[in-house]
Number of protein chains: 2
Amino acid sequence: MSAVPEPMDATAAPRTRPVRGAAGERRPVYDAASLLAVSVAEFNARGYDATSMEDLSRAAGITKSSFYHHVRGKEELLRAALARALDGLFGILEESQAQNGPALTRLQHIIGRQVEVLTSELPYVTLLLRVRGNTETERWALARRRAFDASIASLVAEAVADGEVSAEIEPWLAARLLSGTVNSIIEWYRPGRPGADQLPAQVVWMVREGIIPPA
Amino acid sequence: MSAVPEPMDATAAPRTRPVRGAAGERRPVYDAASLLAVSVAEFNARGYDATSMEDLSRAAGITKSSFYHHVRGKEELLRAALARALDGLFGILEESQAQNGPALTRLQHIIGRQVEVLTSELPYVTLLLRVRGNTETERWALARRRAFDASIASLVAEAVADGEVSAEIEPWLAARLLSGTVNSIIEWYRPGRPGADQLPAQVVWMVREGIIPPA
DNA sequence: GTCTATAAGGAGATAGAC
DNA sequence: GTCTATCTCCTTATAGAC
């Protein structure tokens, strides 16, 4: 895997102070985290490549030059966003290493947590899942994402070997469809949705039982 | 839905004749269908916005100007590709209108056919599923795609109402996860894969029964 | 911190010779 | 049908005044 420079920390303390106009009207807060959030929203709306630095600065309410005062460049914004998404996902794997028990139980837990991360870090994960591999940064993110998927796949294989998961389908296919199902949430989930707290359990149920009613 | 001009027919007879060098070395065949195929492959490799007309012409083995002799512009290529994908998907719905029987049976048939179209028209459907809505053409494709998904969703709702499909999850959620599962095939399926003819049945099995082994 | 102005290069697309 | 040359606009990014 290629080395990638240190990511900007999107959760760090603000680099700059909030600015308010003399009349008290709201102006955007220009710290690293908020500019990243604004940028990622734009990237997701139009696609990374179709979004210009002009678009980003306009969304932030400042000129392009001022925007460059806070941000090194377009690709650094992308890298910071992808790092945040990947940190969320790999955090799940770290948690699960502390657990033992049947593979299926661990798998279900991971799926539920994955849904939680997808929804809580929605813009960042959305960007990650759309990366194509055009730059070194994107290829780094793709490689890390593949490593995550491989972990899930080996857990599925383990559950199949233990007889806890159906062997009707090859394990690698089950794992891919499983990841596809979970990841597809980004296509329609939007924050503030009522009953979002039940979504992880519902997704777990769906991949466990399918759409046919239990006998 | 917005009106969109007539799509170029990617399956029409070649507009131009194959060209061979004097020494007999192979040169690309420059008809509308093959240039579209080459272009769509490039779009999928890098993303539509990140792919330049220079990239396309180089992939076709001619200069950009020569490429423009065969093709009106970048967006027309996109539109032709999206139209082909949508024609494949809506063809499934037309077939299914001729059928009657339980909603679940029709749903399973549609899912299987959808997998077949995804794999047989892989590059075109891949492009369709990544459209963001930046231009009128893209918004037209998105609207048509939404209409397709809505048809599936209403069939799921019908099956739930008939008691054929589990009511444990809300019908709209089941429909979305179902579409997400099927569409995720584009992320990993590659033509020539052995056992590809069994894929539709395996996907249908997975969404029916889930990953838990039948009792 | 923000701005105007601008550099340097790449994009989509066309003109016109052969 | 293919090419070289070019147009025009947009892109990322920087210089330097305030």
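Note on naming: letters A, B, ... go to the chains in the order of the sequence lines (proteins, then strands), and numbering restarts at 1 for each one.
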Problem set entry | Pairing of B/Glu138 and B/Arg132 as salt bridge, 4.0 angstrom limit | no
Exercise. Salt bridge check: are B/Arg58 and B/Asp55 linked by an N-O gap of less than 4.0 Å?
Worked result: yes
For this session: Indicate the ring-plane relationship of B/His70 and B/Tyr30, choosing parallel, tilted or perpendicular according to the 30° and 60° boundaries.
Result: tilted
Exercise. At under 4.0 Å, does any side-chain N or O of A/His70 touch on OP1 or OP2 of C/dT2?
Worked result: yes
Exercise. When the distance from CZ of B/Phe67 to P of D/dT2 is rounded to whole Å, what number comes out?
Worked result: 11 Å
Problem set entry | B/Leu107 vs A/Ile211 side-chain heavy atoms within contact, under 4.5 Å | yes
Atom pairs under 3.5 Å: protein N/O with N/O of nucleotides 7-9 of chain D:
none

For this session: Could you tell me whether the side chain of B/Arg176 reaches within less than 4.5 Å of the side chain of A/Tyr189, counting heavy atoms only?
Result: no
Problem set entry | Salt bridge present between B/Arg106 and B/Glu158 (N-O < 4.0 angstrom) | yes
Seminar exercise, completed: When rounded to whole Å, the CZ to C1' distance for the pair B/Arg58 and D/dC3 reads 16 Å
Exercise. How would nucleotides 12-18 of chain D be written as a contact map, 5' to 3', with B for base contact, S for sugar-phosphate-only contact and - for no contact, using protein heavy atoms under 4.0 Å?
Worked result: BBBB---
For this session: Would you verify whether the NZ or CZ of A/Arg144 falls within 45 degrees of the ring axis of A/Phe90 while also being under 6.0 Å from that six-membered ring's centre?
Result: yes
Problem set entry | B/Arg113 and B/Leu89, any side-chain heavy atoms less than 4.5 Å apart | no
Exercise. Does A/Thr63 put a side-chain nitrogen or oxygen below 4.0 Å from OP1 or OP2 of C/dT2?
Worked result: no
Problem set entry | Euclidean distance, atom NE2 of residue A/His69 to atom C1' of C/dT4 [Å, nearest integer] | 16 Å
